[in-house]
Amino acid sequence: MLERRQQTRFHPGATLQATLLPDTAAVMENGHTELRGRVEDVSCRGFKVQLPEALCRGLKQGQNIKGELHSEGGNRSWSGSITHLNPRSGGISVGIALETRYDNPAPLKETVEQVIQDPKTGGISLRRQGDELQLDVIGHLSLPLSRDFLHLVRGGSLAAIDLNQCKGMDSAGLGMLCIAADARIPLINAHGVVKDLLEVARIPLGKDQPHHQASANPIRLNKPAKPKERNTPSAAPALKQ
């Protein structure tokens, strides 16, 4: 499923809320005209929101639905359909695919652009390099990304993990990169604080990553010089009697 995604999904650093307005049949079943929850991840064409299980009665995969996204930049109306209902710890993860038009193929583009300004927002994206599959880490690598990240790492199909767009990580993110390195997946293009963290943690960098190489003219410790022999005058030959 991850390999088929066309849009990068971001885990919002700041709180992003979604309100779902179910149809009449769902309202009659669960008794709620509005369902509100925290957005788990968001892309230009959809998002996932976590809801209490009790509020999901009457919701079905493929069902058309509409609602609003609530962020610091204001509210944004949307309409789309439910792609999945997956049990999670503490509730149900509801996937929403938004309606797109030829003149608006990415209806949440502005919302995503706002979300990724948060330094705690992070995402992962897959791209092909010839016959190889490469994983790009974007923004902040943290625990909420671990499910998808480790699924790809353990799948055995990644040729490299590109950290060029990675700007930071928490301890979980550092642990994920350690697991990737143990799986012999090259970590490439790290720089700045990310590179410093990897070096401190002694996580090996990939083949395309410039390493700190030993100086071409290493300092050598010279052997102590031998003490100079004193030229002591030889004893004068004894005078013959």
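All values below were derived from every heavy atom in this structure, side-chain atoms included, with hydrogens, water molecules and symmetry-related copies excluded. Quick note: residue numbers are just sequence positions, from 1.
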Taking [Y] as the starting point, is it possible to reach [X] by hopping between hydrophobic residues whose side chains are less than 4.5 Å apart?
{"X": "V39", "Y": "F10", "value": "yes"}
{"X": "I161", "Y": "I138", "value": "no"}
{"X": "L143", "Y": "L141", "value": "no"}
{"X": "L21", "Y": "L35", "value": "no"}

Only pairs under 3.5 Å count here: list side-chain donor-acceptor contacts from residues 102-113, not counting sequence neighbours, and write none if there are none.
unit_1: D103; atom_1: OD1; unit_2: R101; atom_2: NE; d: 3.0

Would you compute the distance between atom [atom1] of [X] and atom [atom2] of [Y] and round it to the nearest 0.5 angstrom?
{"X": "C56", "Y": "L20", "atom1": "SG", "atom2": "CG", "answer": "8.5 Å"}
{"X": "L133", "Y": "D131", "atom1": "CG", "atom2": "CG", "answer": "11.0 Å"}
{"X": "I96", "Y": "S43", "atom1": "CD1", "atom2": "OG", "answer": "12.0 Å"}
{"X": "K120", "Y": "H140", "atom1": "NZ", "atom2": "NE2", "answer": "4.0 Å"}
{"X": "I124", "Y": "D148", "atom1": "CD1", "atom2": "CG", "answer": "5.0 Å"}
{"X": "D162", "Y": "N189", "atom1": "CG", "atom2": "CG", "answer": "4.5 Å"}

**Study point:** H70 side chain to L16 backbone, donor-acceptor under 3.5 Å
**Key:** no
**Message:** Could you check whether any side-chain N or O of Q50 sits under 3.5 Å from a backbone N or O of S89, counting only pairs where one atom can act as donor and the other as acceptor?
**Reply:** yes
For a quick check under 3.5 Å, do T19 and E34 share a side-chain donor-acceptor pair by atom type? no
Derivation and outcome, side chain to side chain contact (heavy atoms under 4.5 Å, CB included), residues H191 and N164:
CA-CA 7 Å; H191 58 89; N164 183 51; 3.8 Å; yes
Atom pairs and distances, donor-acceptor, side-chain atoms in residues 61-69, under 3.5 Å, two or more places apart:
unit_1: Q61; atom_1: NE2; unit_2: T83; atom_2: O; d: 3.2
unit_1: Q63; atom_1: OE1; unit_2: K60; atom_2: N; d: 2.8
unit_1: Q63; atom_1: NE2; unit_2: D23; atom_2: OD1; d: 3.4
unit_1: Q63; atom_1: NE2; unit_2: D23; atom_2: OD2; d: 3.2

Residue set satisfying salt bridge (charged side-chain N to carboxylate O under 4.0 Å, His left out) with R154, at least two apart, ordered chain then number -> none
